[in-house]
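Just below is one structure, and these are the notes that go with it.
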Amino acid sequence: MKRLFSKELLIGFILLLSFAVLFVGIDYLKGINVFRAENIYKASFTDVTGLTIASPVTMNGMKVGQVVEMSYDYDNPGHVLVMLNMDKDFKITKGSQVVMATSILGTAELALKMAPGTDYCSSDDVIEGSKAGDLMSDISHDVMPQVIEMLPRLNSIMAQVDTIVSNPALDNTVSRLDAVSRNLEVMSRNLAVTSTKINPVLTNAGDVVEDLTQVSADLKELSAQLKQLPLAETMDNVKTTTANLEQITSKVNSKDSSLGMLLNDKGLYEHIDKTIVSLDSIIVDLRLHPKRYVNFKLF
């Protein structure tokens with residue numbers, strides 16, 4: 001039976017297949033899909049530090065392409081042409097920009113800023129590229145000068161802090177604070193003991209509050225009873241009695257009445273006094289000489 005393929009032809013076919021697989025594998029590791037249709041655009045940069053083959057191209061955070069080639073632009077010295085392999089149906093409008101951003105790890109990616117409009121770029125057009133400020137450059141240009149300016153002040157502050165720390169008064173203050181802390185601990189224990197003594201008092205206070213509540217209820221009941229009393233009539237009677245007493249007092253003080261004359265006539269007072277004295281003399285004489293006044297005859 002005749003062979004269809006010779007040994008040499010089979011070896012050559014295997015080598016060719018191996019090279020094809022190797023080529024496709026290398027491109028695949030780079031992130032290049034050789035089976036996808038190419039949509040190539042060119043972008044011009046003055047600095048491509050951190051940018052590599054297969055670096056992603058994104059728009060609004062979504063990957064829409066990748067870098068497939070970088071070459072020096074001899075027709076435009078100082079610029080580098082970057083070849084962008086975009087998705088098949090992706091189109092870039094004229095006036096758009098490609099911005100390169102570098103992460104803190106030094107890797108770079110491209111972000112596409114689309115310009116409004118319906119006029120699209122062709123594969124021969126060169127898109128303007130720019131570089132966004134990275135974190136390290138911002139730190140070196142913005143933060144570091146301020147830090148350098150603050151260093152003398154920091155040295156002065158540290159010197160003052162060292163002076164305060166080395167001051168013996170600080171040790172004394174710490175010792176006082178330690179003593180105050182111990183006193184507070186003692187006070188806390190005393191308050192705990194006092195609180196145990198206060199609890200019975202609070203219980204008794206509760207009983208007192210209940211008694212006061214009962215007294216308050218009794219006072220309310222008494223007030224209600226007092227409201228029911230005929231206070232108006234009683235006050236009228238008191239006023240009438242007071243008026244009568246005033247009339248009696250005025251009559252007593254008046255010299256026209258008998259009682260007033262008796263109380264206010266000095267002559268009558270003296271006459272009565274003399275009469276009482278005479279009567280007293282008669283009684284004394286009667287006691288001493290009864291025979292002068294009483295005679296007994298026996299038949």
Minimal heavy-atom distance between Ser44 and Val126, with the atoms involved, is CB-CG1, 3.7 Å
When rounded to the nearest 0.5 angstrom, what distance separates CE in Met86 from CD1 in Ile92? 4.5 Å
Could you state whether Leu51 and Val64 fall into the same hydrophobic cluster, counting links through intermediate Ile, Leu, Val, Met, Phe, Trp or Tyr residues with side-chain heavy atoms under 4.5 angstrom apart? yes
About how many Å separate CG of Asp218 and NZ of Lys220, when rounded to the nearest 0.5 Å? 11.0 Å
For Tyr120, all residues meeting ring-ring contact (aromatic ring centres under 6.0 Å, His included), sequence neighbours excluded: none
Could you walk me through whether Ser122 and Asp124 pass the side-chain hydrogen bond (donor to acceptor under 3.5 Å, both in side chains) check? CA-CA 5 Å; Ser122 64; Asp124 296 329; 5.0 Å; no
For Ser96 and Ala115, the nearest pair of non-hydrogen atoms, with its separation, is OG-N, 2.9 Å
Sequence neighbours excluded, every pair satisfying salt bridge (Lys or Arg N to Asp or Glu O under 4.0 Å) that has a member inside residues 180-194: Asp178-Arg182, Glu185-Arg189
Just wondering, are more than 12 heavy atoms of other shown residues or ligands nearer than 6.0 Å to CG in Asn183? yes
Hey, does Ile283 have a side-chain heavy atom less than 4.5 Å from the side chain of Leu279? yes
Is the shortest side-chain heavy-atom distance between Lys42 and Met83 below 4.5 Å? yes
side-chain contact (heavy atoms from CB on, under 4.5 Å) filter on Thr242, not counting sequence neighbours, yields Val238, Glu246
From Gln97 atom CD to Glu128 atom CD, the distance as rounded to the nearest 0.5 Å: 4.5 Å
Val98 with Met114, same ILVMFWY side-chain cluster at under 4.5 Å: yes
Do Pro56 and Gln66 have side chains that approach each other closer than 4.5 Å (heavy atoms only, starting at C-beta)? no
When you group the ILVMFWY residues by side-chain heavy-atom contacts below 4.5 Å and let the links chain together, are Val48 and Ile127 in the same group? yes
Tell me whether Val180 is reachable from Met187 by hopping between hydrophobic residues (I, L, V, M, F, W, Y) whose side-chain heavy atoms are closer than 4.5 Å. yes
Following the transitive rule for hydrophobic clusters with a side-chain heavy-atom cut-off under 4.5 Å over Ile, Leu, Val, Met, Phe, Trp and Tyr, establish whether Phe45 and Met70 coincide in one cluster. yes
Side chain to side chain contact (heavy atoms under 4.5 Å, CB included) between Thr102 and Lys131, intermediate numbers included: CA-CA 8 Å; Thr102 305; Lys131 187 174 183 180; 3.9 Å; yes
Flag side-chain contact, heavy atom, 4.5 Å: Leu84 against Phe90: no
Atom pair CG/CD of Asn85 and Glu69 - distance to nearest 0.5 Å: 11.0 Å
For the atom pair OG1 (Thr118) and NZ (Lys91), what is the distance rounded to the nearest 0.5 Å? 10.5 Å
For Thr52, side-chain contact (heavy atoms from CB on, under 4.5 Å) partners two or more places apart: Ser55
Apart from Val215 itself, what residues make up its hydrophobic cluster, given side-chain heavy atom links below 4.5 Å? Leu219
Please round to the nearest 0.5 Å and tell me the distance separating atom OG1 of Thr93 and atom CG of Asp119. 8.5 Å
Identify the heavy atoms of Asn39 and Lys88 that sit nearest to each other, and give their distance. ND2-O, 3.5 Å
Please name all residues satisfying side-chain contact (heavy atoms from CB on, under 4.5 Å) with Asp73, sequence neighbours left out, ordered by chain then number. Asp75, Asn76, His79, Leu81
